[in-house]
Every structure is written in C-alpha cells, then in structure tokens.
Amino acid sequence: MDYVNNVGMHKFDPEMTESILEYVSKRLALTETPLDGILDVSQLPKLLEGLVAESGIGFEKALKLYDEKISQMVISADSPRYFAFIPAAPTKASLLFDAVISAASLQGISWLEAAGAIVAENQVLSYLANRAEMPETAAGTFVSGGTSANLAALTVARDVMRAQRGFGRRSNVEVMVSDQAHSSITSALNILDIDAYVVPTESYKLNQANLQKALDKHPEPNRVIAVVATGGTTNAGYIDDLVGVGNFTKANNLWFHLDAAYGGAVLLSDSAKNLLAGISNVDSFIVDPHKWLFAPFDCAAVIYRNPELAKKVHTQKASYLEVLHDQDEFNPSDYANHLTRRARGLAFWFSLITYGAKNYQSAIDASIDLADRVRVEISSRKDLKILNDSELPIIIFEKLGWHDQDYQNWAEKLLQEQIAFVAPTTFNGKRVARLVFLHPATTLEMALAALPKPL
Ligand SMILES: *Cc1c(COP(=O)(O)O)cnc(C)c1O
C-alpha cells in the first residue's frame, strides 16, 4: 500500500470534513446537553460485528453508528443535569481548541519539538502556582488525571525523602493519609510499594493535632516521610486544615503533598480561595482542570515547589533521547511518569486567555451559590436531612425511611426520565443521596427536580 494506492487516508476529504465539523457544530450548539445514556448497550456488539475488517465502511456509516447508537449509550458528563461523581463542564472555547490540538497533532513532549506549546502550557501552570502563592520557580506538567498526577508527585516524595533520610532504595517508608483520602492515593502508594499510615480524623479533616497524635503512636516515626492532605474530598467536599498540616510537616521534616484534584479550582475564585489557605506551603499539589476548571478530558496538573527534584526522579534516559537534554531546557516529559504526551494543557490555556480569569471565578462561585440555595431548600423539608457541612458544592443527604434500594430506584428513575444523573453514595456507613453542582448552566429548578419527591 502506498500513498497513491490506498483509499486516500491522508488526503483531504472535503465531504468527510464537512460532515464531521457539522456534527461538532451541532453538538456545541446545544445549550443543554441531553443526558442520554439510556439506550440499551446490549445491542451494540451485534451492530459492531465484523466492522474491523479488510475493507472499511466509509465515514458516513461510521459517523451514523456513533451518532445514533454509541453516543446514546454514554451519559453526557457535561450535561447541566449531571450531579453524580464529579461532573464536567468544558467551555466552548476549550472544546473547540481541543479539536485544533487534535487537527494539528500537537504533542508536548520536549522543548526541542514543541517549545511553543510548552511555553503556553507552562503559563497556566505558573498561573495556578501563583494563585497558590508558591515560589516563582514552582513548575510541573499536565498528565491525564488526578490519579497519574498523585502517582507522579508521590514518586518524587518517596525518592527524595528516602535519599534525605539515608534510607536504601528498597527500605520501608510510610506516608500519612487521612481516612478520607481519595482511592487514587491508595493506588499510588500500592504501586510505589509504600504503606499508608492512615490517620483517623475528627469531622473528616486532617489537622495538626490528629497528625501529631498519630505520629506519636508510630513505632518508627523516622519511617514516615510524607503527608497527603486533601483539598476537597471527592465524596463529601471537606478540605483539610492545610495551615495545620503545613505546620506539622515543617516541624517534622515531612513532604507535604496536597491532592486538590477537585477543590483546587477555588484557587481561581477570590472569594473562595481562602478555603485553601495554607496551600502555599506544599511541596507538591495537583488539580484537575477537567473537573471544576472547565477543561476537556483529560487534563490534570501536577505542580512541584522544587521542580528540579521531580526532574531528577522522572527524567527518562535513553540514547535516542540524549539530544533532548543537551541543554537545560524544559521538557514536560521530565516531570511525571510519561514520555509521549498530547499538549493537553493547551485547551485550558486557550480558554483561560480567551475568556479571562474573572469569568472562571464567576462560574466557580455560581456552583457554590447554587449548592447553598439547594441546601436551604433541603433543610426546609421534613423528610430530608443533610449529613455533610463541607465547604464545596457537594450535598449528602438522606430521605427518612429510605433503604439502599430506594436510593437506587431514585437514581434509575431520574435517568430514565432524563431529569438528572445522580449516584447514591455511602457516608458514615450508610447508603445515602449525593448531589454535586459544577456546571454553570445548572439552574435551581434543575437541581430541585432531582430531589426525592415529598411523601
Ligand atoms: C477526582 C479525584 C482524583 C482522581 O482524579 P482522576 O482525574 O479521576 O484520575 C483524585 N483525588 C481527588 C481528591 C479527586 O477528586
């Protein structure tokens, strides 16, 4: 097969381009993205049977299959009626520019290949570090998600602290984590072969006192190398006492990592930023722009106070890569466990400079305000009871008299009727209801429609 004889896979096809751009345009024009996700997926294998074959079916049939079947079997994370897990609400500019990044095959591996993209990505990373009041020299990279970002930072914490304490490469070390920490922390520590030293919290928050109490009880405190704090627990929205954690890590010479995958977005809000007071003392932190910073999937930032430490740990060495390190230039590939990477931070960058930070601030504040108004409504109902009192726009509540199955039925019915996508959770050992507000287009009416009906 050569360029001339194949079907023209690399030749411009005006009809295909027009069809796909038209589809994209139609999708972007939706003011309220439908939830979808209710078409029965069990018919799909039959529909796809034999499609990966010697001969292609052409873009018309392929696109139709996606539009009419596949996309209908996916719940739209960017629907303003999506209140489960952590929703998404990418801006129009970020979605469009993501298409540009794809069309340009833009990678962001090394300075040699992609200096322009890297300067722009680093501009937003610096902006985030600056909002966190970290030193000018703080830097990092964008990876696929909070899970990868936490792993990248904790790898650096492990290697740096082991070396600093004079421990060997395979020696046992432990990391203090709260009983509320995200599952990705457990996963990262597992990969790193490090034990978590779980610290019990009062009212769901780590603070200096509960950390000190736990460390005092540790049989070998010298083995403890780091603390992972959470800047917004994913289930309930609680933010650890970061000032207290910082005092503790400083007094005990521990690495301070902050997982702010979700809540880190408040850095952009002048009124809510103080919820993360103390973030300036971290050694590393992460935030997912694909969550509450309105960037497309997949985009997570990992930022180090001292990026040189991360570079020593993560730089890959190979003869064919030596040319990348001839000069001391900034290679994003050196700051996490990745090499080839899409310039995924650019969609966020484009949107941020297009709309300006004030618009981000009001979009973030809007969901905090909405959650406050929904809380008032729930509190006024005798049959409902709010169970969390956290700072972020997540509401956990129960309906008196409901059992596990009732919550399940509630969720299923709302999706079936395309009123809302909700997912029950477990809080204090009980199955309960949970609503997360993130999309600026979510109205009070949409939110209230998701509440269980009064008796
Ligand atoms: C979402 C989340 C993660 C995981 O991020 P992914 O992007 O889903 O990998 C980690 N920590 C916290 C606190 C989160 O909210």
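Position 1 is the first residue of the sequence, and the numbers go up from there.
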Partner residues of D372 under the salt bridge (charged side-chain N to carboxylate O under 4.0 Å, His left out) criterion, sequence neighbours left out: R375
Student check: side-chain heavy atoms of V436 and F85 closer than 4.5 Å: no
Under-4.0 Å salt bridge between K250 and D283: no
Audit row: R344, H290, side chain to side chain contact (heavy atoms under 4.5 Å, CB included) steps and yes/no: CA-CA 10 Å; R344 57 166 62 82; H290 68 210; over 6 Å; no
Greater than 12 external heavy atoms within 6.0 Å of N172's CG: no
L435 side chain near I394 side chain, heavy-atom distance below 4.5 Å: no
Non-hydrogen side-chain atoms of I185 and T230 separated by less than 4.5 Å: no
Pair S271-D365, side-chain donor/acceptor within less than 3.5 Å: yes
K317 with E322: basic N within carboxylate O range, under 4.0 Å: no
Distance-only side-chain donor-acceptor flag, D334 / H325, under 3.5 Å: yes
N/O donor-acceptor pair under 3.5 Å between S362 side chain and N359 backbone: yes
I86 and D288: CA distance, side-chain angles, deciding distance, side chain to side chain contact (heavy atoms under 4.5 Å, CB included) verdict: CA-CA 11 Å; I86 301 288; D288 277 5; over 6 Å; no
Non-hydrogen side-chain atoms of L242 and L276 separated by less than 4.5 Å: yes
Pairwise distance NZ(K69) to CG(L47) - rounded to 0.5 angstrom: 6.0 Å
Distance-only side-chain donor-acceptor flag, S351 / T91, under 3.5 Å: yes
Centroid separation H439 to Y82 less than 6.0 Å: no
Partner set under side-chain contact (heavy atoms from CB on, under 4.5 Å) for E22, not counting sequence neighbours: none
Salt bridge flag under 4.0 Å for residues R342 and D98: yes
Contact check, side chains of L268 and L352, non-hydrogen atoms, under 4.5 Å: yes
Shortest non-hydrogen separation from I239 to E391 and the atoms involved: N-OE1, 3.6 Å
Salt bridge flag under 4.0 Å for residues E121 and R341: yes
Working for ring pair (Phe, Tyr, Trp, His ring centres under 6.0 Å), residues F83 and F437: CA-CA 6 Å; F83 307 133; F437 301 109; 5.2 Å; yes
Steps toward side-chain hydrogen bond (donor to acceptor under 3.5 Å, both in side chains) verdict (N253, Q164): CA-CA 10 Å; N253 184 29; Q164 203 189 88; 2.9 Å; yes
Short side-chain to backbone donor-acceptor contact, T425 and R434, under 3.5 Å: no
Check: Y335 ring centroid to F142 ring centroid under 6.0 Å: no
Between W255 and S284, a side-chain donor and acceptor under 3.5 Å: yes
Ring-face cation contact, F167 with R223, 6.0 Å cut, 45° max: yes
Whether H314 and Y304 hold their rings parallel, tilted or perpendicular, with breakpoints at 30° and 60°: tilted
Within 6.0 Å of NZ in K64, more than 12 heavy atoms from elsewhere: no
Side-chain H-bond candidate by donor/acceptor type, N210 with T201, under 3.5 Å: no
